[in-house]
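Computation of the quantities below employed the complete heavy-atom set of this structure, encompassing side-chain atoms and omitting hydrogens, waters and symmetry-equivalent molecules. In the text below, chain A, chain B and the rest are named by the order of the sequence lines, each starting its count at 1.
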There are 2 protein chains.
Amino acid sequence: MLDERKQRILEAVVQDYVSSAEPVGSRTLARRHDLGVSPATIRNEMADLEMLGYLEHIHTSSGRIPSAKGYRFYVDGLKMPMKVSDEDKSLIADWYKAKVKRIDEVFQETARLISRVTKNVSLVLAPQLSQAAFRCLQFLPLDDHRAIAVLLTDAGFVENKMVEMPKGAEFPDLQRLAAVINKSLAGKKLQAIPESTLQFIRQEIGDEELYAAAMEILWRALDTGKKERLYLGGTTHMLEQPEFHDVSRVKEILLMLEEEELIKDILRAHRGDGLAVTIGTENENARIQDCSIITATYHLDGELLGTVAVLGPTRMEYAKAMSLLNYMNANLGAIVQHYIG
Amino acid sequence: MLDERKQRILEAVVQDYVSSAEPVGSRTLARRHDLGVSPATIRNEMADLEMLGYLEHIHTSSGRIPSAKGYRFYVDGLKMPMKVSDEDKSLIADWYKAKVKRIDEVFQETARLISRVTKNVSLVLAPQLSQAAFRCLQFLPLDDHRAIAVLLTDAGFVENKMVEMPKGAEFPDLQRLAAVINKSLAGKKLQAIPESTLQFIRQEIGDEELYAAAMEILWRALDTGKKERLYLGGTTHMLEQPEFHDVSRVKEILLMLEEEELIKDILRAHRGDGLAVTIGTENENARIQDCSIITATYHLDGELLGTVAVLGPTRMEYAKAMSLLNYMNANLGAIVQHYIG
DNA sequence: TGTTAGCACTCTAAAGACTTGAGTGCTAAC
DNA sequence: GTTAGCACTCAAGTCTTTAGAGTGCTAACA
């Protein structure tokens, strides 16, 4: 639909604007890119591109900037697979080696790492506990009427929660409870425990009241783990972007990022199968229509585990961010695996 | 050392400057405060106060602002106890009721709460695990060569850590280990376990290799809990202060706040017995010599547990921040107690 | 002797005039 | 179809001016 030359010019405009953050004009473009035509011709082509909706004009006499449609064309035209520089690769390897000692640090550090490389806010949506399989439940005595329930999954995640002792029950009852549950649920997905298994546990326990209490304890213990967790990185790096040199804009974004549920919803809605890019006004949320979001999902044993994302101004280094996320996408499963063992 | 009238004028200058963020002049002061003298007299007094080092002049013909010495005089002259408004009190009560479900959320939410009320960055240094008493250690089997060690203290904190199984040992050995350790260490402070107790454990276990492994496991399990944890709140509220309308200053502060160990050291160094205020150039760290820090320590059963602090520009509502911290100081012990039970 | 009015002086910040430079769109020539 | 040339536009920087708030000093006053 766009002839060769128009494509080259559009691409050049995107690249220049991304790197300079200034509207680009025909003269600059001719100087910086070897397009083989004069500024006047470029001017004509740019006017055409504007008519077609790929470029925008702020004022009559300012250079052009890409529209959402323009970025979209550029992004769709990027050829995969993209490469991550060796420099970045070794930075990544060193980062995990130096900063991650425990499985639960993986996600926070991944977020920091991504924002470090891309100079943008990074978001990591970490695995749902309920998508993992049950491994083991134990109680630790706290005092006469309370205990700590500790739940372990096969992905190596540990959740703990204080629980009230069921009325009339004592600690040995809880231990019996744990034994029954451990026997019945071992290896089962927490998401959907079949009714038959629940009936089996009910019979095994015998005591109806204790069964009801047990279920409540189990659900409550699971409750905190059910939610996907959101890790945030790079609010500092964000400030390096000229788009965020205005404090009020920074505040707006930061306030939005504090709304965890909102952000989770946005990430869930945007993620696609592999890399997904949402550009500027393509965003449904009005507060980020001058931002773009790139998401990537990562997997373990073929199952979707979580999402990694970059949020930045529409003027973003798409190629770099996408190649990085693509790389993380491919490697995060293995990294998680490494810390689980 | 300062006569009545000079004190009143200094106080008035501080109050006006704190609320307006503009240098205050004699005329404005006379208009806003009922000092009973003319601007000319105030001018003379202000000149004196400047000579004495309590006030500063930016340029020849601008109003005055308080110096660190001026703030110090003002802060020292605040009469204790200061009151927290009923509005704030109910905000605080509601906040904990709505947002804190688990003990470990107390600190993060306390930080958020304080920054919400004071419109400044808030820092909470949470209890050292090692200052708490040992209650219970248990292992959960992970696979053939690893297990999860779960440690519980009498303050209700739970720590977990993956441990490699000692060579040649099997899971029942770990359970025996846990039993011995539980029997020996119950109620003991983790900070200083007496040598005799260690010897007792050694004898009980019998196997020398298992003992060495046990100690390593115990120390490693404790390791993560040993550090005081730092919770941060209110980087967003900070932006409301005119001092931070400049992005580069914001970035400087945010970068500094990311240096967790540095911040911890600053807090530890500054905290005094009750409320401690460090004003502007009184700070040793050059990067925050235009900031003030107010710290308060909180206690449980008479023992120092942690520190709560506010970090903001020198132009800060000292009375409000101090009264709030004083209030938290008195109540946090009870709040923590409430969630432990 | 302390207080105050008056006045000249200072400095900032906002507002307006001017200049410069990058860029556009159009037309005519190649 | 491409390009040079030219008139026009707009933003941003520079300079000047003005208004306003403030100071310090002096002389008058109670």
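OP1 or OP2 of D:dA21 has not a single side-chain nitrogen or oxygen of B:Ser61 nearer than 4.0 Å. Contact annotation: A:His59 side-chain N/O to D:dA11 OP1/OP2 distance is under 4.0 Å.
Reading DNA chain C from its 5' end, the first and the last nucleotide to sit under 4.0 Å from a heavy atom of chain A are C:dG23 to C:dG25.
Counting non-hydrogen atoms under 4.0 angstrom, B:Arg5 reaches the backbone sugars and phosphates but no base. Here B:Arg64 lies in heavy-atom contact (under 4.0 Å) with sugar-phosphate atoms only.
Bending across the helix from C:dT1-D:dA30 to C:dC30-D:dG1, expressed as the angle between its end axes from five pairs apiece, amounts to 20° (10° rounding).
Residues B:Lys119 and B:Glu317 are not paired through a salt bridge, judged by the lack of any N-O separation under 4.0 Å between the basic side chain and the carboxylate. Ion pair A:Glu11/A:Arg8 not flagged as a salt bridge, since none of the NZ, NE, NH1 or NH2 atoms sits closer than 4.0 Å to an Asp/Glu carboxylate oxygen. Using a 4.0 Å cut-off between a side-chain N of Lys or Arg and a carboxylate O of Asp or Glu, B:Lys264 and B:Glu259 do not qualify as a salt bridge.
With respect to B:Asp16, the salt bridge (charged side-chain N to carboxylate O under 4.0 Å, His left out) criterion is satisfied by exactly one of B:Arg32, B:Arg31, B:Arg27: B:Arg32.
Taking both residues in full, the closest heavy atoms of A:Ala111 and A:Gly233 are given as CB-N, 3.9 Å, listed atom of the first, atom of the second, then distance.
Of the two residues contacting DNA chain C, namely B:Ala40 and B:Ser62, the nearest-nucleotide position lying further toward the 5' end is that of B:Ala40. If A:Ser26 and B:Val37 are placed on DNA chain C by their nearest nucleotide, the residue sitting closer to the 5' end is B:Val37.
Between A:Arg43 atom CZ and D:dT9 atom C1' the separation is 14 Å, expressed in whole Å. Computed from coordinates, the A:Ile65 CD1 to D:dA11 P distance equals 14 Å when rounded to whole Å. The CD1 atom of B:Ile58 sits 13 Å away from the P atom of D:dG22 (whole-angstrom rounding). The CD atom of A:Glu22 sits 9 Å away from the P atom of D:dA12 (whole-angstrom rounding). Atom CD in A:Glu45 sits roughly 11 Å away from atom P in D:dT3 (whole-Å rounding). Protein atom CD1 of A:Ile42 is 18 Å distant from nucleotide atom P of D:dG1, rounded to whole Å.
By the side chain to side chain donor-acceptor pair (under 3.5 Å) test, A:Gln241 is found to be paired with A:Arg315, residues two or more places apart in sequence or in another chain being considered. Residues satisfying the side chain to side chain donor-acceptor pair (under 3.5 Å) test with B:Glu252, not counting sequence neighbours, are B:Arg249.
For residues 2-43 of chain B, no residue pair satisfies the ring-ring contact (aromatic ring centres under 6.0 Å, His included) rule, not counting sequence neighbours.
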Enumerate donor-acceptor pairs with a distance under 3.5 Å from any side-chain N or O in residues 50-57 of chain A to protein atoms, sequence neighbours excluded.
residue	atom	partner	partner atom	Å
A:Glu50	OE1	A:Arg64	NE	2.9
A:Glu50	OE1	A:Arg64	NH2	2.8

